[in-house]
Amino acid sequence: MTDLSEEARQIEKLYEFGERLNEAKDKSQNVADYEGIIAAANTSIKAKQLAAQLIPRFFKFFPDLSSRAVNAHIDLIEEEELGVRVQAIRGLPLFCKDTPEYLSKIVDILVQVLASGKFCEIVFVRNVGFVNLMAVAFEIVDAASLTALFKHVGSVDEPSADEVIREKVLSFIRDKVFPLKAELLKPQEEMERHITDLIKKSLADVTGAEFRMFMDFLTSLSIFGEKAPPERMKELIGIIEGQADLDAQFNVSDADHIDRLISCLHMALPFFARGAPGSKFLNYLNKHIIPVFDKLPEERKLDLLKALADISPYTTSQESRQILPSMVQLLKKYMPRRKTGEEMNFTYVECLLYAFHHLAHKAPNATNSLCGYKIVTGQPSDRLGEDFSEYYKDFTERLSNVEDLTRATMKKLTQGMAEHNKAMAAATSDEAKESIKTQKQNTTTGLRTCNNILAMTKPLHSKTPAFIGDSTINLSWKEAIRPSLPSAATATGGKRPGAANVSNNVGMKKGRGAGGGLQNQLVTKALEGISRGGRSGIRGRGRGWGGRGRGRGYR
């Protein structure tokens, strides 16, 4: 233990060093004074605390002593005495302010501070927050400091060794770097490109939430803005394609891959709308997913069909021609033949009809051999000389049956709406009113789905149908442009409260009877279907996107 008088002499000496350095016009001439401050890092507790303040304060004036000074300061950070550690950590950002060339090294030190439980105690319990320290350090940002920061997020070549550190660094990136991109990333284009490359290297092992965070940030950069050239949209789609594992062999039992694929499809839609190519996604869906659609988890089938509907307006003629045969087979599967007693999922049919119209609009003569239509384009692929009349008969029979089922269900839903209105008038509690309001909203969505189906089946009865290739049809799960029926206009505020699975099991089976019992059964099932449907989004850790390094994933 240091003698009190010895400790007092050490403190007094440090104050002398500091005063002479403060007063000196050319501080670089006072090498002995700074060497004395560095040496004090190996003396008494009080002297170490004072040295932790003085070493960074005069650091910039003595470049020849920089290595000794930094090493001495690191020793102070590792000191057992809490007060010394606190003071040393607080002094770290001063290195960054005064000597930017040391920023990346200090970033590493700050990150490593979190590797030990005792340092976490300093950082969090004593309000010397990691994020606050990093924020001060990042008043100056360069390529090297960003590289040092992202090194702790990890990549395929250099995975992050410490999960706690990785989480804290990601929090800092999200909360302090991304929101200040305009101030931090200068020169703009050069630094935006650099951070884009760092993010791309970090995406091999991320959760769904982390991937969404990174993609949201990338799309906010000016290099990917509204005026970005097509190759930039292609780059973003390439990132999403990589996350969706479109080069992997598909395993229908791999729920994680299914979740990731569907989520990435939804994320890619804005870029398809901006001209990015969707061929790789469509080819993968056509080759791997649609053939095993029946085997997909029930809760994901609707998500996939919605994605297919959403992507269909942005397909090319060649892409449409390739995927149409699979889509027609899937559509026919969910459009039952007359008098078979099969049940119909209305939202599935809405999605598939919508996709069929947009795909067929791009490649109309492809439907000659698929549906028996007689569409002349003057191309050898028209196949007008072949007899596909049986296909036409089968397809239009299914359309007619769909229309009958749809009209019957619309009638029941409309009657159900009247019952909801009566129930609302009789309801006394807020809870009951809220429940009825939800039912009315769901019924309105069901009516919109039915209206859409009828609008899309009507033009398909002709031998030379007019395929809808514009925005005339507003899909039922999207914000309403206008109410479909007068009753719907009074029943909803316009926005759909969930996915539009009008019925997972709504049909007109023989033997069910008629009247009120059937009406209530149909309406109830329609509402149940809606509550079970839905589009899943990125939801962070848990199941899904697992099996990737540390098992981060989608859930």
Side-chain angles (χ1 to χ4, degrees), residues 138 141-143 146 150 170 173-203 206 208-244 246 260-282 306-320 354-355 358-359 361-362 468-475 477-481 494-496 535 537-538:
F138 266 75
V141 172
D142 61 6
L146 284 175
F150 271 86
L170 277 171
I173 291 173
R174 182 191 65 232
D175 298 334
K176 297 298 180 181
V177 176
F178 285 175
L180 298 176
K181 63 181 184 297
E183 293 81 9
L184 297 179
L185 301 181
K186 294 179 180 178
Q188 187 180 54
E189 185 169 352
E190 176 185 330
M191 290 297 287
E192 285 187 353
R193 171 46 57 191
H194 182 65
I195 198 170
T196 296
D197 292 340
L198 291 174
I199 288 173
K200 288 167 70 172
K201 290 178 182 178
S202 303
L203 293 178
V206 292
E210 291 163 0
F211 184 61
R212 168 68 73 181
M213 174 189 76
F214 282 129
M215 287 305 300
D216 286 347
F217 174 71
L218 289 178
T219 55
S220 74
L221 297 178
S222 62
I223 60 173
F224 298 110
E226 291 182 5
K227 298 181 180 179
E231 57 266 25
R232 296 278 169 80
M233 292 302 99
K234 188 175 181 180
E235 180 180 1
L236 290 177
I237 284 294
I239 294 172
I240 299 174
E241 289 172 347
Q243 193 66 203
L246 297 185
R260 198 165 355 108
L261 175 68
I262 294 172
S263 184
C264 287
L265 253 179
H266 284 297
M267 249 187 286
L269 287 173
F271 309 117
F272 295 146
R274 293 178 63 184
S279 299
K280 196 166 184 178
F281 268 110
L282 286 165
K306 284 184 177 183
L308 283 169
D310 283 334
I311 195 177
S312 62
Y314 310 113
T315 55
T316 64
S317 296
Q318 182 179 359
E319 292 164 351
S320 298
Y354 185 88
H358 280 278
L359 296 172
H361 181 76
K362 304 285 179 55
I468 300 170
D470 55 24
S471 57
T472 303
I473 301 297
N474 187 47
L475 291 165
W477 61 89
K478 297 186 176 181
E479 187 172 353
I481 296 175
K495 231 178 184 180
R496 186 171 187 275
R535 167 184 168 181
I538 297 286

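Proximity of L236 to M215: side-chain heavy atoms (C-beta onward) are separated by under 4.5 Å at one or more points. Between S263 and R260, the closest side-chain pair of non-hydrogen atoms is not below 4.5 Å. Side-chain contact check for V177 versus K181: every heavy-atom pair is 4.5 Å or farther apart. Side-chain contact between E235 and F224 is present, with heavy atoms from C-beta onward closer than 4.5 Å. Counting heavy atoms from C-beta outward, L146 and M191 have side chains that approach closer than 4.5 Å. A 4.5 Å side-chain heavy-atom check between E210 and I173 finds every atom pair outside the cut-off. Side-chain contact between V206 and Q243 is present, with heavy atoms from C-beta onward closer than 4.5 Å.
Between D216 and R174 there is no salt bridge, since no side-chain nitrogen of the basic residue lies less than 4.0 Å from a carboxylate oxygen of the acidic one.
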Self-check item: Candidate pair I240 and L265, rule side chain to side chain contact (heavy atoms under 4.5 Å, CB included), full reasoning
Solution: CA-CA 8 Å; I240 299 174; L265 253 179; over 6 Å; no

Quiz item: Checking side chain to side chain contact (heavy atoms under 4.5 Å, CB included) for the pair H361/D470: CA distance, chi angles, key distance, verdict?
Solution: CA-CA 9 Å; H361 181 76; D470 55 24; over 6 Å; no

Self-check item: F150/K201 under side chain to side chain contact (heavy atoms under 4.5 Å, CB included): CA gap, chis, key distance, verdict
Solution: CA-CA 9 Å; F150 271 86; K201 290 178 182 178; over 6 Å; no

Quiz item: Should E189 and S222 be marked as a side chain to side chain donor-acceptor pair (under 3.5 Å) after you check the CA-CA gap, both sets of side-chain angles, and the distance that decides it?
Solution: CA-CA 8 Å; E189 185 169 352; S222 62; over 6 Å; no

Quiz item: Step by step, would you call M267 with F211 a side chain to side chain contact (heavy atoms under 4.5 Å, CB included)?
Solution: CA-CA 10 Å; M267 249 187 286; F211 184 61; 3.4 Å; yes

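Each salt bridge (Lys or Arg N to Asp or Glu O under 4.0 Å) pair with one or both residues in residues 262-282, not counting sequence neighbours, appears once here: D247-K280.
No donor-acceptor distance shorter than 3.5 angstrom exists from the side chain of T315 to the backbone of I311, with no hydrogens or angles considered. For E192 (side chain) and L221 (main-chain N/O), no donor-acceptor pair under 3.5 Å exists by modelled atom type. One N or O on the side chain of E319 and one on the backbone of T316 form a donor-acceptor pair closer than 3.5 Å.
With sequence neighbours left out, D197 forms a side chain to side chain contact (heavy atoms under 4.5 Å, CB included) with R193, K200. In this structure A355 satisfies the side chain to side chain contact (heavy atoms under 4.5 Å, CB included) test together with S312, M327, sequence neighbours excluded. Judged as a ring-ring contact (aromatic ring centres under 6.0 Å, His included), and not counting sequence neighbours, the contacts of F178 are F217. Among residues two or more places apart in sequence or in another chain, the side chain to side chain contact (heavy atoms under 4.5 Å, CB included) test is passed with S317 by K362. Looking at residues two or more places apart in sequence or on another chain, you find a ring-ring contact (aromatic ring centres under 6.0 Å, His included) between Y354 and H358.
One finds the CG atom of L269 at 9.0 Å from the CZ atom of F281 (value rounded to the nearest 0.5 Å).
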